[in-house]
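These notes are about the structure you will find just below.
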Amino acid sequence: MEMDQLVSLCKRRGFLFQSSEIYGGLNGFWDYGPLGVELKRNVKEAWWKDMVTSHDDLDAPAGAPSSFEMTGLDCTIIMHPQVWKCSGHYDLFHDHMIDCRQTNKRYRYDQVRGRWVEAKGQRIFVATMVETQDEAEDLQRRALKHFKLRAKDAEQLSWDGDVTSLTTVEDTSVVLGPDATELGSLTEPREFNLMFKTIVGAMGTEEDAAFLRPETAQGIFVNFKNVLDSTRVKIPFGIAQVGKSFRNEITPRNFTFRSREFEQMEIEFFCHPEQSPAWYKYWRDRRFQWYVDLGLAGERLQLRDHDPDELSHYSTGTADIEYQFPFLPAGEFGELEGVAHRGDFDLRSHMEGKLDPNTCPLTVEVDEHGQPRHRGSGRDLSYRDDESGEKYVPHVIEPSAGADRATLAFLCEAYTEDQAPDEKGKLQTRTVMKLHPRLAPIKAAVFPLVKKDGMPEIARDLYRALKQHFPTFYDEKGAVGRRYRRQDEAGTPYCITIDGDTLSDKTVTIRDRDTLEQWRVKLDDVEGELSGRLK
RNA sequence: GCGGGUGUAGCUCAAUGGUAGAGCCAUAGCCUUCCAAGCUAAAGACGAGGGUUCGAUUCCCUUCACCCGCUCCA
């Protein structure tokens with residue numbers, strides 16, 4: 001399937017529009033149309049129902065270490081700025097980037113390393129981005145090339161000091177960029193604000209700056225104690241939240257995959273440290289299965305465990321649930337959801353102050369005066385087990401899913417073209433969205449076969465009755481074949497047709513979107529028949 | 001942010017320095033007893049801004065958006 005075909009169908013049928021389209025659009029923002037809003041709502045409602053409201057907290061589900069409770073939360077998009085300082089987003093999201101004018105490559109300022117070297121009376125800083133083990137070789141090779149020296153003349157290079165960060169270099173005109181052959185091709189570092197900044201208060205100044213949340217998770221952490229104190233929940237338990245988040249992506253691209261305004265479905269699951277590895281495994285497998293059950297069953301979906309060197313060292317495991325989107329290069333997958341073991345990093349950061357993720361054991365990051373770089377709340381966010389008397393900071397398993405990405409994956413997976421015979425028996429290409437019935441925006445369409453002989457009256461009554469139970473569409477215009485095809489493109493799983501026989505025996509046909517099969521059902525049994533099939 | 005490409009009707013495409021045609025869809029009507037039939041009618045577009053010109057959809061500049069590559073992906 002070509003991505004443009006899906007994009008075109010999404011616009012044509014009202015799944016997705018570009019934001020502010022009449023003004024030329026806005027990069028990284030997308031609107032859901034009449035069909036899209038139903039689809040995305042169904043994705044979110046399926047998640048909420050499966051994870052929260054229908055959860056059985058009395059018995060341990062299959063694969064779970066024990067029974068557990070689930071509860072929900074809906075917190076604000078704008079929070080106290082200190083939340084983002086302690087979470088690490090403030091520092092991390094203020095990356096400085098440098099560009100290379102010669103090669104047009106871009107680097108994260110703090111990731112570029114290099115070493116001072118002098119030869120032939122010139123002192124330069126050779127920068128590199130290669131892996132640490134190949135660093136020395138790359139530096140020497142490029143230094144020799146710059147000074148037009150042969151390998152056997154390597155002793156003419158006078159190295160000064162160890163490999164160090166580019167951030168220690170003040171004069172960029174003597175820097176040889178990581179991929180450059182000319183000196184001074186790097187720009188000055190430029191700041192990229194990956195969090196959306198806003199002002200709280202009508203007279204707001206820079207001191208009133210706040211941020212739109214880049215993830216919903218922090219709202220759960222900062223409400224951890226409130227939930228504990230108000231609900232009688234006991235560990236292990238999870239708090240779920242669905243909501244908008246905002247990230248000023250440098251390059252929004254690939255339809256809705258990387259949007260600047262997007263919606264997340266996140267769970268923070270709190271458990272005893274000793275049990276956390278078992279819970280991590282449970283959530284990782286369960287979340288993967290959720291996508292499988294909703295139709296992403298093929299080889300295009302995968303569960304990928306992060307390599308140890310991809311992990312934050314305080315995490316004992318992270319897995320991505322990934323989908324092979326059609327816009328990605330062959331063999332590449334895009335992330336739908338990350339399931340992360342986060343240890344006690346988050347709760348402790350909000351207690352003690354921002355932790356330095358590079359320390360082990362974790363300690364609070366300090367500034368040049370030895371004070372916490374970002375001070376925590378000072379509140380005790382530890383948990384006391386009333387039965388054992390044990391007090392500890394819970395560990396956290398975080399299944400964090402993208403609602404828009406999941407919706408997009410379901411759309412991609414559903415898009416199908418097959419051959420169906422037309423009126424004359426000739427094969428025609430049929431475009432059909434094979435969405436899971438739980439996700440389909442419209443569950444059923446009701447047609448009178450022809451617009452006469454009392455068929456519309458019966459059809460309208462059935463339409464009104466079905467509409468009380470699930471989204472139903474009514475259409476009496478034109479040829480019935482055309483009406484079927486229209487519903488195929490919208491992903492409607494069932495079409496009910498009132499025909500001549502209905503008038504005499506009170507039965508109708510139900511037509512299956514995927515198989516094109518039809519069978520007759522008593523008029524009074526239609527609702528029950530469909531409800532059973534829509535689960 | 002850089003380099004390349006693309007923007008004409010809801011969709012897919014034409015043509016043109018003298019204000020644009022078609023197919024499909026959608027709308028109304030006729031006809032139709034199960035998979036995009038047919039007939040009739042009406043409707044609908046040069047991404048935005050500026051410049052050159054008597055006149056710009058066409059040439060030039062700027063901008064916005066989309067696609068590809070680089071970069072980024074917390």
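In what follows, chains are A, B, ... by sequence order, proteins preceding strands, each numbered from 1.
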Rounded to whole Å, the CZ-P distance (R430(A) to rC35(B)) equals 13 Å

Measure from the side chain of W30(A), starting at C-beta and using heavy atoms only, and say which of rA65(B), rC73(B), rC66(B) lies closest.
rC66(B)

E21(A) atom CD is separated from rG47(B) atom C1', nearest whole Å, by 10 Å

Hydrogens and angles aside, do Q218(A) and S87(A) bring a side-chain donor and acceptor to less than 3.5 Å of each other?
no

For nucleotides rG44(B) and rG23(B), find the distance between their C1' atoms and express it as a whole number of Å.
14 Å

Protein-nucleotide distance (I22(A), atom CD1; rC64(B), atom P), rounded to Å
18 Å

By nearest nucleotide on RNA chain B, pick out whichever of F29(A) and E335(A) is the more 5' one.
F29(A)

Cation-aromatic face contact R405(A)/F257(A), 6.0 Å, 45 degrees
yes

What nucleotide among rC34(B), rC73(B), rC66(B) has an atom nearest to a side-chain atom of T497(A)?
rC34(B)

Using only heavy-atom distances, decide whether a donor-acceptor pair under 3.5 angstrom links the side-chain of Y484(A) to the base of rC34(B).
yes

What nucleic acid atoms does E249(A) come within less than 4.0 Å of, heavy atoms only: base, sugar-phosphate, or nothing?
base

When you look for runs of 3 or more Watson-Crick or G-U pairs in a row, both distances below 3.5 Å, which of them include RNA chain B?
B:1-7 with B:64-70, B:10-13 with B:21-24, B:27-30 with B:38-41, B:47-51 with B:59-63

With RNA chain B as reference, determine whether F246(A) or N254(A) sits nearer its 5' end, using the nearest nucleotide of each.
N254(A)

Start with the C-alpha gap between F224(A) and F270(A), add the side-chain angles, then the distance that decides, and say whether ring pair (Phe, Tyr, Trp, His ring centres under 6.0 Å) holds.
CA-CA 9 Å; F224(A) 173 69; F270(A) 301 94; 4.5 Å; yes

Measuring only the C1' atom in each nucleotide, how far is rU8(B) from rG51(B)? A whole number of Å is fine.
22 Å

Sticking with atom C1', work out how far rG10(B) lies from rG1(B), rounded to a whole angstrom.
34 Å

Do K85(A) and Y90(A) meet the cation-pi criteria used here (NZ or CZ under 6.0 Å from the six-membered ring centre, within 45° of the axis)?
yes

Nearest to the side chain of M455(A), heavy atoms from C-beta on, is which of rU12(B), rU33(B), rC67(B)?
rU33(B)

Charged N-O contact under 4.0 Å between D91(A) and R373(A)
yes

From C-beta outward on V480(A), which listed nucleotide comes closest to its side chain: rU33(B), rC34(B), rC35(B)?
rC34(B)

Using a 4.0 Å heavy-atom cut-off across all strands, classify D453(A) as base, sugar-phosphate, or nothing.
base

Under 6.0 Å from the ring centre and within 45 degrees of the ring axis: does the NZ or CZ of R511(A) meet both conditions for the six-membered ring of Y484(A)?
yes

Provide the distance between the two P atoms, one in rA42(B) and one in rG49(B), to the nearest whole Å.
31 Å

With a 4.0 Å cut-off, would you call D501(A) and K506(A) a salt bridge?
no

Between rC31(B) and rA15(B), how far apart are the P atoms? Round to whole Å, please.
41 Å

List, with names and distances, any nitrogen or oxygen atoms from the protein found under 3.5 Å away from nitrogen or oxygen atoms belonging to nucleotides 28-31 of chain B.
{"residue": "rA28(B)", "atom": "OP1", "partner": "K477(A)", "partner atom": "NZ", "Å": "3.1"}
{"residue": "rA28(B)", "atom": "OP2", "partner": "K477(A)", "partner atom": "NZ", "Å": "3.2"}

Which atoms form the tightest heavy-atom contact between C86(A) and G353(A), and what is the distance?
SG-CA, 4.3 Å

Any donor-acceptor N/O pair under 3.5 Å between rC35(B) base and R511(A) side chain:
yes

Base, sugar-phosphate, or nothing: which does F255(A) touch, judged by heavy atoms less than 4.0 Å apart?
sugar-phosphate

Is S8(A) side chain donor-acceptor paired with the rC11(B) base, going by distance under 3.5 Å alone?
no

E489(A) side chain: which of rA36(B), rC67(B), rG10(B) is closest?
rA36(B)

Using a heavy-atom cut-off of under 4.0 Å over every strand shown, decide if R483(A) touches base, sugar-phosphate, or nothing.
nothing

Take atom P in rA20(B) and the same atom in rU71(B), then report the distance between them in whole Å.
47 Å

Nearest whole angstrom, please: distance from the P of rA48(B) to the CG of L26(A).
18 Å

I'd like the P distance from rA14(B) over to rG7(B), given in whole Å.
9 Å

Could you walk me through whether R304(A) and D320(A) pass the salt bridge (charged side-chain N to carboxylate O under 4.0 Å, His left out) check?
CA-CA 5 Å; R304(A) 185 179 69 83; D320(A) 283 347; 3.6 Å; yes

Taking only N and O in the side chain of N27(A), is any of them less than 4.0 Å away from OP1 or OP2 of rC66(B)?
yes

Nearest-angstrom distance from the residue atom OH of Y494(A) to C1' of rC34(B)
19 Å

Check: rG10(B) base within 3.5 Å donor-acceptor of R13(A) side chain:
no

Please report the distance, rounded to the nearest Å, between CZ in F17(A) and C1' in rA65(B).
17 Å

Examine the side chains of Y474(A) and E476(A) and answer whether a donor and an acceptor come within less than 3.5 Å of each other.
yes

Taking atom P in both rA48(B) and rA43(B), what distance in whole Å separates the two?
23 Å

Check the side chains of T407(A) and D404(A) for a donor-acceptor pair under 3.5 angstrom, ignoring hydrogens and angles.
no

For a side-chain contact (heavy atoms from CB on, under 4.5 Å) with F29(A), tell me which candidate from P252(A), S19(A), S20(A) qualifies.
S19(A)

Distance check needed: rA36(B) P versus F447(A) CZ, whole Å only.
13 Å

Would you indicate what D499(A) reaches in the nucleic acid, counting non-hydrogen atoms under 4.0 angstrom: base, sugar-phosphate, or nothing?
base

When you measure from the side chain of L516(A), which nucleotide among rC68(B), rC35(B), rU12(B) comes out closest?
rC35(B)

So which nucleotide from rG10(B), rA65(B), rC34(B) ends up closest to the side chain of Q18(A)?
rA65(B)

Any carboxylate oxygen within less than 4.0 angstrom of a Lys/Arg side-chain nitrogen, looking at R260(A) and E249(A)?
no

Round to the nearest Å and state the distance from F327(A) atom CZ to rC73(B) atom C1'.
13 Å

Distance below 4.0 Å between R485(A) side-chain N/O and rA36(B) OP1 or OP2
yes

